[in-house]
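Please read these numbers as outputs of a predicted model, since none were measured by experiment. Remember, it's 1-based here, ligands and their atoms both numbered in the order they're listed.
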Amino acid sequence: MSSFEFFKQVNDAFDLAASYTKYERGLLDQIKVCNNVYHVTFPLRRDDGTIEVIEGWRVQHSHHKEPTKGGIRYSRNVNEDEVKALASLMTYKCAIVNVPFGGAKGGVCIRRSDYSRNEIERITRRYTYELLRKEFIGPGYDVPAPDYGTTGQEMAWILDTYRQFNKDINSDASVTGKPLPQGGIRGRTEATGRGVYFGVREACNNKEDMKELGLEHGLEGKTFVIQGLGNVGYHAAKYLIEGGAKMVGVAEREGSIYSTDGINLEDLMEYRKRNGTILDYKGYDSYEASDKVYELEADIAVPAALENQINKNNMEKIKAKIIAEAANGPTTSEAHKILKKQGCLIIPDTYLNAGGVVVSYFEWLKNLSHVRFGRLGRRFEEGSYRRILEVIEEYANTHFTDEEKYQIAHGASESDLVDSGLEETMIDAYNDINEIRKQYDIDLRTAAFVNAIKKVAIIYEQMGIFP
Ligand code: NAD
């Protein structure tokens with residue numbers, strides 16, 4: 001990882017896209033830089049009584065919209081460059097899917113499995129306290145969420161710590177991705193993976209684009225390989241399979257497996273829980289290298305683990321025609337160029353994994369409004385639809401079954417509304433960037449950046465530079 005300059009890679013993609021716009025250099029520089037970079041170190045008293053110094057960051061990339069928003073990552077690879085890159089990706093991502101936040105990201109340099117649950121709780125609470133001291137957290141300042149290595153549990157500890165120091169009525173909106181009883185929203189856990197599914201489905205539904213790739217249109221029957229079965233990877237795989245695609249290859253830390261017959265996701269998850277590995281599952285082809293999965297035959301490759309996974313070592317051997325970037329920064333700029341030459345469609349991270357922040361936005365709105373979506377209108381809506389059905393039954397002298405009545409007349413619940421909002425957002429945003437791609441004859445990543453740059457630049461232009 002050390003020679004991999006993630007922030008530079010993001011900025012290279014930005015610069016390429018900027019060449020298709022007419023904004024002045026100074027404004028483009030202002031969009032690119034990270035507005036605030038906060039580095040913290042603090043002591044952890046370990047369970048065995050020893051003291052260890054923990055290192056972390058929170059980076060607010062852009063204040064063109066506030067609050068800033070972005071996940072918190074727990075990983076041994078976390079460093080300042082990585083957090084800056086991820087924070088900047090958040091700015092572009094939010095712009096692409098029209099979520100009114102600036103970008104931010106947090107990271108703590110720990111390998112989760114090296115610490116007990118109590119130690120993780122102490123690290124999380126102390127890290128939150130450090131954020132609070134400098135106003136790097138708050139419903140109107142900066143709102144964290146889960147990312148690699150963190151879950152709803154850490155978000156619950158963050159919220160509880162925040163509340164100890166703030167009697168603000170909107171405290172719940174200081175962090176998203178929370179468990180439901182703590183003010184979370186239905187659909188947040190699966191949101192990023194579900195968004196990946198909507199994005200890939202939309203790309204596959206485009207007849208012209210699929211023809212260019214030499215593929216049939218539609219998701220049904222397409223094969224895919226996936227790297228990483230964590231929150232994003234597991235849910236992306238689940239919905240792609242439900243949508244008719246076949247999972248033929250899987251990679252986890254310990255290696256990869258492959259079977260043209262298709263792999264049963266739930267059964268594989270159970271197997272890994274029992275055996276601590278995916279290798280040798282059902283006697284399928286097993287490889288010790290995790291990135292071997294990209295060399296295996298499939299229509300779609302879904303990197304869903306970490307950055308820098310499709311790189312100079314494997315870029316020439318990649319078989320898939322569609323690279324669906326569920327993870328952040330999985331493809332290096334060098335690999336991107338080669339894959340483009342090979343005629344691959346790369347659905348970029350800045351768009352494809354935005355489902356998490358979209359539903360986090362819904363959660364933040366729910367917390368600020370202090371009411372569950374659908375609570376006020378659902379029963380009323382359902383009553384009106386049922387009365388319409390009764391009139392139809394009377395005039396047409398027909399009878400709907402209870403199941404038909406439910407399907408037609410049920411009022412929208414919170415999960416229905418979240419899912420519909422996410423689907424709408426992912427479809428619209430795909431078509432926006434695909435149109436820009438065609439207009440300028442560029443690739444989808446560059447098109448996504450062009451779209452983001454224009455949306456951020458216009459805000460800077462309209463608000464002026466203070467003072
Ligand atoms: P996670 O911690 O839930 O899961 C990551 C998975 O990847 C784990 O199962 C881990 O064992 C596996 N993994 C690690 N190294 C691997 C390797 N070399 N090969 C194969 N598997 C490996 O993390 P996540 O939340 O699913 O995040 C995954 C990616 O998606 C990250 O790039 C993250 O920034 C991005 N992302 C996450 C969210 C979110 O809502 N969680 C939102 C947007 C983007």
Any N/O pair [X]/ligand 1 closer than 3.5 Å:
{"X": "Asn328", "answer": "yes"}
{"X": "Arg253", "answer": "yes"}
{"X": "Ala304", "answer": "no"}
{"X": "Asn231", "answer": "yes"}
{"X": "Glu252", "answer": "yes"}

* Asked: With under 30° as parallel and over 60° as perpendicular, where do the rings of Tyr460 and His64 fit, or are they tilted in between?
  ->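 It falls in the tilted class, 30° to 60°.
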* **Sequence-distant partners of His235, side chain to side chain donor-acceptor pair (under 3.5 Å), two or more places apart** => none
* Asked: How would you list, by chain and number, every residue that makes a side chain to side chain donor-acceptor pair (under 3.5 Å) with Tyr281, sequence neighbours excluded?
  -> Asp267
* Structure fact -> CZ (Arg186) and CG (Asp419) are apart, to the nearest 0.5 Å, by 13.5 Å
* Asked: Among the heavy atoms of Gly149, does any lie under 4.0 Å from an atom of ligand 1?
  -> yes
* Touching ligand 1 at all, Glu254? Heavy atoms, strictly under 4.0 Å? -> no
Against heavy atoms of [X], which atoms of ligand 1 measure under 4.0 Å?
{"X": "Gly230", "answer": "3 (O), 4 (O), 6 (C), 9 (O), 26 (O)"}
{"X": "Arg73", "answer": "31 (C), 32 (O), 33 (C), 34 (O)"}
{"X": "Ala326", "answer": "30 (O)"}
{"X": "Ala251", "answer": "20 (C), 21 (N)"}
{"X": "Ser290", "answer": "17 (C), 18 (N), 19 (N), 20 (C)"}
{"X": "Ala305", "answer": "7 (O), 13 (N), 16 (C), 21 (N), 22 (C), 28 (C), 29 (C), 31 (C), 32 (O)"}
{"X": "Ala327", "answer": "29 (C), 30 (O), 32 (O)"}

* Which bit of Arg188 is near ligand 1, meaning a heavy atom under 4.0 Å away: side chain, backbone, both or neither? ->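 The answer is the side chain of Arg188.
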* To do: Measure Leu229 to ligand 1 on non-hydrogen atoms and call it side chain, backbone, both or neither using the 4.0 Å cut-off.
  =>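 Within the 4.0 Å criterion, Leu229 contacts ligand 1 through backbone atoms alone.
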Please state which protein non-hydrogen atom is closest to [atom] and give its distance, to 0.1 Å?
{"atom": "atom 5 (C) of ligand 1", "answer": "Tyr148 CE1, 3.5 Å"}
{"atom": "atom 43 (C) of ligand 1", "answer": "Asn353 O, 3.5 Å"}
{"atom": "atom 33 (C) of ligand 1", "answer": "Asp147 OD1, 3.1 Å"}
{"atom": "atom 39 (C) of ligand 1", "answer": "Thr192 OG1, 3.5 Å"}

Could you tell me whether [X] and [Y] have a side-chain N and a carboxylate O separated by less than 4.0 Å?
{"X": "Arg163", "Y": "Asp172", "value": "yes"}
{"X": "Glu325", "Y": "Arg445", "value": "yes"}
{"X": "Glu334", "Y": "Lys312", "value": "no"}
{"X": "Glu254", "Y": "Arg272", "value": "yes"}
{"X": "Glu121", "Y": "Arg117", "value": "no"}

* Asked: So, for Ala104 and Asp142, which heavy atoms are closest and what is the spacing to 0.1 Å?
  ->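 Of all heavy-atom pairs spanning Ala104 and Asp142, the closest is CB-OD1, 3.6 Å.
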* Single hit among Tyr361, Tyr92, Tyr141 for ring-ring contact (aromatic ring centres under 6.0 Å, His included) with Phe101 -> Tyr361
* Using the salt bridge (charged side-chain N to carboxylate O under 4.0 Å, His left out) rule, pick out the option among Arg122, Arg112, Arg125 that qualifies with Glu154. => Arg112
* Could you check which of Val232, Leu352, Val196, Val250 puts a non-hydrogen atom nearest to atom 30 (O) of ligand 1? => Val232
* Asked: Checking Arg194 against Tyr239: charged group under 6.0 Å from the ring centre and within 45 degrees of the axis?
  -> yes
